[in-house]
Amino acid sequence: MLKVAIIGAGKMGISHLSILGAHPDVDVVGVCDTSKMVNDFLSRYGKFNCFTDYKKMMSETKPDAVVVAVPTKFHYSMIKDLLLSKVHIFAEKPFCLTSAQGEELVKLAKQQGIVNQIGYHNKFIGTFSEVKRLVNSGVLGKIYHFVAESYGPVVIRAKQDTWRSDPSEGGGCLMDYASHVIDLVNDILAPVASAKSSLLKKIYSTNVEDAVYSTLELENKLTGLLSVNWSDETHRKMTTSITIVGTNGKIESDANELKVYLKENPPEGYTKGWTVKYITDLTEEVDFYLRGEEYSAQLDYFVKAAMGKVPNTINTFESAWKTDRAIEMIKTSAI
Amino acid sequence: MERILFGDNQFFAVNHISDEKSRAQSIKFREDAAIIKTLDDARSLGINTFMCTTHERIGNICDVIRSQPEKYKDFKIFPCMPYAHKYANAVTELGIAGTLKQYVPGNFFGSMFKGGMAYLSKDYLSIMELLVDSEMKMFKGISTPVVFLQNVITDLFLGLRAYEVLAAFQHYVKKKYDAEAGFITMNMPKLLDALEGEGIKNPIICSSINKVGFRMSGGKEIYEETLRTRQVRAIAMQVLGGGAIAPKEAIEYVCGLPNIESILFGASSKANIQNTVENIHLFDSKK
């Protein structure tokens, strides 16, 4: 059994707690949150050992691994502190508020030799893994363009401020929302090397941007476009998609549906012209489902990595740091 | 429960495999009249139970049903609560406590939860009861013999081991609405264990059951074993596996399983509804 503690029982934390609570290899030894109401509920009904001070929780429960699901502004100091006590760490996205903070933690995590993972759950979605596999196999010929998009109804009217509307706390569409699809571009194509002429548009918010449009150049010189808007209520929920165009064809994929057009030489399972595959063909079932296979799969991967059963290569601090870096480039290039 | 239950995903652009299809559905059903027409199509084919989420537009549909009591006298609704997106968006914005403050009716929080007080079990259960009441309001005067908890909530409590809350839901809908409780889940065998542990015998559980094992957590085999050997009033949903299975083959599989009391499906066109209904009758008659 892996002893896991959770810091932060908000929307993501409580979802992680539920998934880990049902995981056969996990013993949840402690939960830390600042809300008395949440703590009382969890200790009364779930028999969880709840704390309001994470340091006290760490010293009393001595976990092997910790899930960090607190607002982004606390990530740096908390993760640094946890790294010094040599526990394995799964933290929510985005990684840190600045790439300098992230770089320091990446180095420290390597020195300490612990398993480290950030919650960019799109990497555990079957359609996107298949896109990555196809891109790496070279079937598209010479890739000359990409479009990375994400839309959803997060902020659809002017409303009260929370930490998500404060740029110094990790709020805003760029850090909170666009980070997902930027991370996907980094992973599938190549890390972002520079951003040009970025447009950060306020729609309903007063302090942060609600939409991000940018021209990106990747480390392999490929260029493409980023278009993200979290004030788009034409989408029922967050929709993330990527289009990749090459001399031998095109891939259009979202989390549900993968469409591939190939001029010639289709690999096994594909035909000349269009092939459409659905997530149902590309997803492995999980042992406990809460809100998407990918949420269970990412934690299962973390647990397995912490137990030494799989390598710690997906969503490492280092890959998430590259996403933080891209976010900074987009911010600095804003016109 | 009737053998065939009509679902509502198609009305609210919920499509598990294609955003394009969900866009087309949201255009097709932008008027409430289009929803009513499809429900009438389903009724004309013998389906008299509509299992639907507590989406705000269902309130409009309920108004239509109430206004024509003669026409809808045999019509039943199985409400599924809550409409999760409403709360999920609020939790992102306001946090868990803030969301409850916003949605729990009355001055409950103002009066009871002033700084530092300990929370009692009955407080949490009162919150649950108030939320159930607020979701049930729109169905007043309509027959709702079974009231369901949506999977995201059932499964959240399941993972948090808050089994008592699931049992309390069951007791409350019985007491207040004289209705059976139903539970939607993506983890049917595990949920059955939990409910039985709370002393609930033969519960109504609605879960994905399909030939390809889609969203059957832990694997198809353990579901089949559970249906074969245990006491549960099972409703099969997502029988087409999100569209991965040909309709006839899909229905043949589900009709061949033991202990499936009802089959839940949704469709946009009369032809598709008819096709599924005929397939269910065909394979049921072969048993």
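Basis for what follows: all heavy atoms, side chains included, without hydrogens, waters or symmetry-related copies. In what follows, every chain begins at residue 1, and chains take the letters A, B, ... in the order their sequences are listed.
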So which part of [X] gets closer than 4.5 Å to some heavy atom of chain B, the side chain, the backbone, both or neither?
X: Leu42(A); result: side chain
X: Lys277(A); result: neither
X: Ile19(A); result: neither
X: Phe41(A); result: both
X: His235(A); result: side chain

For the pair Tyr45(A) (side chain) and Glu164(B) (backbone), establish whether a donor and an acceptor sit closer than 3.5 Å, ignoring hydrogens and angles.
-> no
Surrounding [atom1] of [X] (heavy atoms of other residues, nucleotides or ligands, distance under 6.0 Å), is the total greater than 12?
X: Arg230(B); atom1: CZ; result: yes
X: Arg157(A); atom1: CZ; result: no
X: Lys259(A); atom1: NZ; result: yes

Taking atom [atom1] of [X] and atom [atom2] of [Y], what is their separation to the nearest 0.5 Å?
X: Asn256(A); Y: Glu20(B); atom1: CG; atom2: CD; result: 11.5 Å
X: Met186(B); Y: Arg291(A); atom1: CE; atom2: CZ; result: 13.5 Å
X: Phe288(A); Y: Leu158(B); atom1: CZ; atom2: CG; result: 4.5 Å
X: Glu293(A); Y: Ser217(B); atom1: CD; atom2: OG; result: 7.5 Å
X: Met37(A); Y: Ile127(B); atom1: CE; atom2: CD1; result: 5.5 Å

Shortest non-hydrogen contact from [X] toward [Y]:
X: Asp155(B); Y: Ser18(A); answer: O-OG, 3.4 Å
X: Glu285(A); Y: Phe214(B); answer: OE2-CA, 3.3 Å
X: Arg236(A); Y: Phe12(B); answer: CD-O, 3.3 Å
X: Tyr289(A); Y: Arg215(B); answer: CE1-NE, 3.0 Å
X: Leu156(B); Y: Leu290(A); answer: N-CD1, 3.3 Å

Which of the residues Ser241(A), Ala255(A), Gly21(A), Ser296(A) is involved in the greatest number of heavy-atom pairs with chain B at under 4.5 angstrom?
-> Gly21(A)
Which residues from residues 187-197 of chain B are near chain A, with near meaning under 4.5 Å between non-hydrogen atoms?
-> Asn187(B), Lys190(B)
